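A short worksheet on the structure shown next.
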There are 2 protein chains.
Amino acid sequence: MRITIADIAKKANVSKMTVSRVINGRGYVAPKTAEKIKKIIDELGYQPNLIARSLVSKSTKIIGVIIPKVEHLFLDNYIAQILSGITDEALKKDYRIILIPVEYSDKSEDKYIKIVKNRLLDGMILLKTIIDDPGIAPLSETQFPFVLVNHKRYSKKINFVDSKNIRGAELAVEHLYSKGYRKIACIAGSLHETNGKDRLRGYLKKLEDLGLEKRDEWIVFGEFRKSVAYHECEKLFKAKILPDAVFCADDYSAIALIEKIKERKLRVPEDIGVVGFDDIELAEYVKPSLTTIRQPLIELGISAAKILFDLIEETRKPPIHKLLNVELIQREST
Amino acid sequence: MRITIADIAKKANVSKMTVSRVINGRGYVAPKTAEKIKKIIDELGYQPNLIARSLVSKSTKIIGVIIPKVEHLFLDNYIAQILSGITDEALKKDYRIILIPVEYSDKSEDKYIKIVKNRLLDGMILLKTIIDDPGIAPLSETQFPFVLVNHKRYSKKINFVDSKNIRGAELAVEHLYSKGYRKIACIAGSLHETNGKDRLRGYLKKLEDLGLEKRDEWIVFGEFRKSVAYHECEKLFKAKILPDAVFCADDYSAIALIEKIKERKLRVPEDIGVVGFDDIELAEYVKPSLTTIRQPLIELGISAAKILFDLIEETRKPPIHKLLNVELIQREST
DNA sequence: CTGAAAGCGCTAACAT
DNA sequence: ATGTTAGCGCTTTCAG
């Protein structure tokens with residue numbers, strides 16, 4: 001049999017309420033009775049039933065991390081880093097994290113609202129949401145606390161933490177330029193995500209600023225996926241005018257590209273310079289090591305969690321929009 | 001105002017019970033009433049309150065993954081892979097995963113029991129538990145479903161999934177031997193974990209079988225931590241007789257060792273052969289790429305989750321002890 | 001096929 | 001300083 005507050009109360013000859021007061025340290029209880037009750041709690045090894053407590057308190061101290069329902073998600077170092085930041089912060093605030101995989105292709109407007117209504121969460125952090133996700137607007141109409149990560153969306157009711165993606169792409173192109181490259185191609189990321197779009201925009205903008213040539217055949221779409229990038233970057237080698245450098249919207253794509261370049265017996269950085277984006281763990285280890293735009297992924301997670309907790313505890317109100325700085329990490333690939 | 005089952009009932013002119021029956025698809029309800037109720041549910045956007053449901057059903061469809069309370073845990077590719085396996089399987093069975101960090105140094109006997117009593121979980125998977133963890137025995141005395149991962153403990157009340165660590169270590173030494181190495185050292189893992197102990201045992205056993213020399217100065221302790229291994233492996237270079245190969249109980253230690261070897265201007269594999277253990281993502285990318293004993297980490301997670309779900313659904317009973325095969329992956333470091 | 005009553009374990013609000 | 005009542009939203013049990 002499970003020990004409940006009632007068992008404690010009976011044994012201590014008090015009411016359940018007094019026990020509850022002792023457990024929560026709220027309200028007045030005579031030191032003596034408190035002492036007695038505490039002793040019995042220890043003896044019986046009582047632990048509060050969180051479910052019962054949540055049913056009345058309406059709070060669970062659990063936050064949900066919404067992730068796309070994809071196999072082997074944690075093998076993506078990008079996700080692992082962000083999640084690491086979130087858990088680190090949750091630890092400090094004594095919140096638990098529950099992982100909620102949602103179907104990427106689910107186009108329903110209530111996909112997130114359903115989760116909210118289940119009442120299991122105090123708040124949620126959404127990872128890798130797409131631009132036209134129909135679930136976000138309805139969610140923002142509720143009062144439920146949530147934060148988007150690496151997704152930029154200016155709205156009075158939406159909170160997000162993102163990196164300066166446009167700036168990052170500009171930095172990358174600038175760097176390639178300073179290294180003497182002039183024919184700069186791009187493996188773009190997913191245009192369904194704001195960061196994918198922003199990085200492409202930054203690339204194009206900087207080409208213009210520097211008066212560099214823009215060519216459609218120099219832009220391919222890797223969708224932030226290594227296998228896609230590996231396949232698509234093939235097109236760059238079939239261009240009428242061969243690029244001498246490539247800005248990749250993420251490191252996995254850059255790694256795929258380097259593999260392809262090697263297969264073609266070309267050299268990095270001599271024949272083709274490569275810059276990535278993110279600074280995942282591998283970036284430092286691939287050969288040649290990868291010059292990349294570092295975005296502070298762990299910080300992104302920490303920041304999102306902090307904002308979420310502020311929202312939950314109502315110490316801050318929406319909208320909270322935060323952009324973190326990026327920096328160029330020069331390695332061997334340029 | 002939140003929509004509850006009572007609202008639906010009132011609007012449909014039925015009792016709460018009938019609504020409940022429709023929602024759960026249990027018991028008889030006239031097709032017509034069912035239809036009507038379903039329609040109202042849709043209209044009002046009703047979603048069941050999981051908390052309330054759990055309070056009575058005693059089941060939450062949530063499993064806990066117990067992890068040591070360590071910063072940046074997910075950056076450890078070993079953890080990330082196992083977790084990936086667990087989530088993949090949980091997805092299929094429609095269970096949610098909650099992360100429960102526990103203090104590594106907590107020596108209390110009720111550290112896990114407390115969590116169980118909170119009634120938030122249907123079962124749990126424990127990662128990186130130590131041999132003398134005082135919390136495990138008491139937990140096993142309850143009927144609560146749980147599985148240890150990469151921890152071998154034969155007991156009628158304990159379930160685990162582990163790799164064949166002893167065999168793996170033997171494979172590694174055999175391989176080094178076949179490559180002509182004769183002075184084989186070892187960076188051992190944490191002896192607080194069964195897999196650390198087993199790998200050391202396999203190493204020693206195989207040295208004996210092959211009639212190779214054993215020297216205390218050829219064994220250092222890396223505790224499964226790169227920074228520790230990096231520091232400790234220094235001792236190997238101060239040995240009276242220098243080893244010509246090193247079996248490392250984990251890949252991070254092997255990577256640390258390779259860094260150290262390079263700093264000393266020695267060559268891998270010519271001067272020193274190196275074998276790792278785990279086959280983390282990096283193993284393939286470091287230079288030289290790492291020969292290692294691959295343990296199926298994702299499978300380990302999948303397997304643990306499968307067993308746990310069987311335990312929860314009572315289709316199997318403890319004890320369930322499972323050992324997965326390991327294999328040698330030859331790369332450039334030997 | 002449907003409903004009424006009771007209760008899961010806890011806390012808020014109001015007594016005393 | 002402590003107790004009583006009521007109720008969170010749901011399901012189980014038993015009765016019709």
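Chain naming here is simple, since letters A, B, ... match the order of the sequence lines and numbering starts at 1 in each. This one's a predicted model, so the numbers in the text were calculated from it and none came from an experiment.
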- Message: So, does B/K58 get its side chain near the phosphate of C/dG9, meaning an N or O under 4.0 Å from OP1 or OP2?
- Response: yes

- Query: In chain order, what residues pass the ring-ring contact (aromatic ring centres under 6.0 Å, His included) check against B/Y95, with sequence neighbours excluded?
  - Reply: B/F309

- Report the residues that fulfil side chain to side chain donor-acceptor pair (under 3.5 Å) with A/T142, sequence neighbours left out, ordered by chain and then residue number. none

- Look at the side-chain N and O atoms of A/T18 and state whether any lies under 4.0 Å from the OP1 or OP2 oxygen of D/dT2. no

- Item | Whole-Å gap separating C1' (C/dC10) and CZ (A/R26) | 11 Å

- Atom CZ of B/R119 and atom P of C/dC8 are separated, to the nearest Å, by 13 Å

- Query: How would you list, by chain and number, every residue that makes a salt bridge (charged side-chain N to carboxylate O under 4.0 Å, His left out) with A/K93, sequence neighbours excluded?
  - Reply: A/E313

N/O-N/O pairs, protein side and nucleotides 13-16 of chain C side, under 3.5 Å:
none

- From the options D/dG9, C/dT11, D/dA1, select the nucleotide whose nearest atom is closest to the side chain of A/S20. C/dT11

- Can you check whether A/S15 has a side-chain N or O nearer than 4.0 Å to OP1 or OP2 of D/dG3? yes

- Item | Pairs touching residues 134-148 of chain B that satisfy salt bridge (Lys or Arg N to Asp or Glu O under 4.0 Å), sequence neighbours left out | B/E141-B/K157

- Task: Can you run down the side chain to side chain donor-acceptor pair (under 3.5 Å) pairs that involve residues 77-92 of chain B, sequence neighbours left out, and say none if there aren't any?
- Result: A/H72-B/D88, B/N77-B/Q81, B/Y78-B/N150

- Query: Quick one: does A/N159's side chain have a donor or acceptor within less than 3.5 Å of a partner on A/I320's backbone?
  - Reply: yes

- State which residues pass salt bridge (charged side-chain N to carboxylate O under 4.0 Å, His left out) with A/E35; sequence neighbours excluded, sorted by chain then number. none

- Query: Which residue pairs pass the salt bridge (Lys or Arg N to Asp or Glu O under 4.0 Å) test with at least one member in residues 59-81 of chain B, sequence neighbours excluded?
  - Reply: B/K69-B/E103

- Query: Is the side chain of B/K111 donor-acceptor paired with the backbone N or O of B/D106 at a distance under 3.5 Å, no angle test?
  - Reply: yes

- Message: Listing request: all side chain to side chain donor-acceptor pair (under 3.5 Å) pairs with a residue in residues 124-134 of chain A, at least two apart in sequence or in separate chains.
- Response: A/Y112-A/D133, A/K128-A/E193, A/T129-A/H151

- Note on the structure: Per atom distances to the B/R2 side chain, the nearest of D/dT2, C/dG3, D/dG9 is D/dG9

- Task: Using atom CG of A/L120 as one end and atom P of D/dC10 as the other, report the distance to the nearest whole Å.
- Result: 14 Å

- Task: Send over the distance from B/K32 NZ to C/dC1 C1', rounded to a whole Å.
- Result: 14 Å

- Task: Go through D/dC10, D/dA1, C/dC1 for me and flag the one nearest to the B/I5 side chain.
- Result: D/dC10

- Message: Could you tell me how far apart B/I23 (CD1) and D/dT11 (P) are, to the nearest whole angstrom?
- Response: 6 Å

- Message: Over the length of the helix from C/dC1-D/dG16 to C/dT16-D/dA1, how much do the five-pair end axes diverge, rounded to 10 degrees?
- Response: 40°

- Message: Quick check on contacts: within residues 33-56 of chain B, what sits under 4.0 Å from DNA chain C by heavy-atom distance?
- Response: B/T33, B/L55, B/V56

Donor-acceptor contacts under 3.5 Å from residues 43-50 of chain B side chains, at least two apart:
residue, atom, partner, partner atom, Å
B/N49, OD1, B/I51, N, 2.8
B/N49, OD1, B/A52, N, 3.0

- Item | Distance in angstrom units between B/K16 NZ and D/dC8 C1', rounded | 11 Å

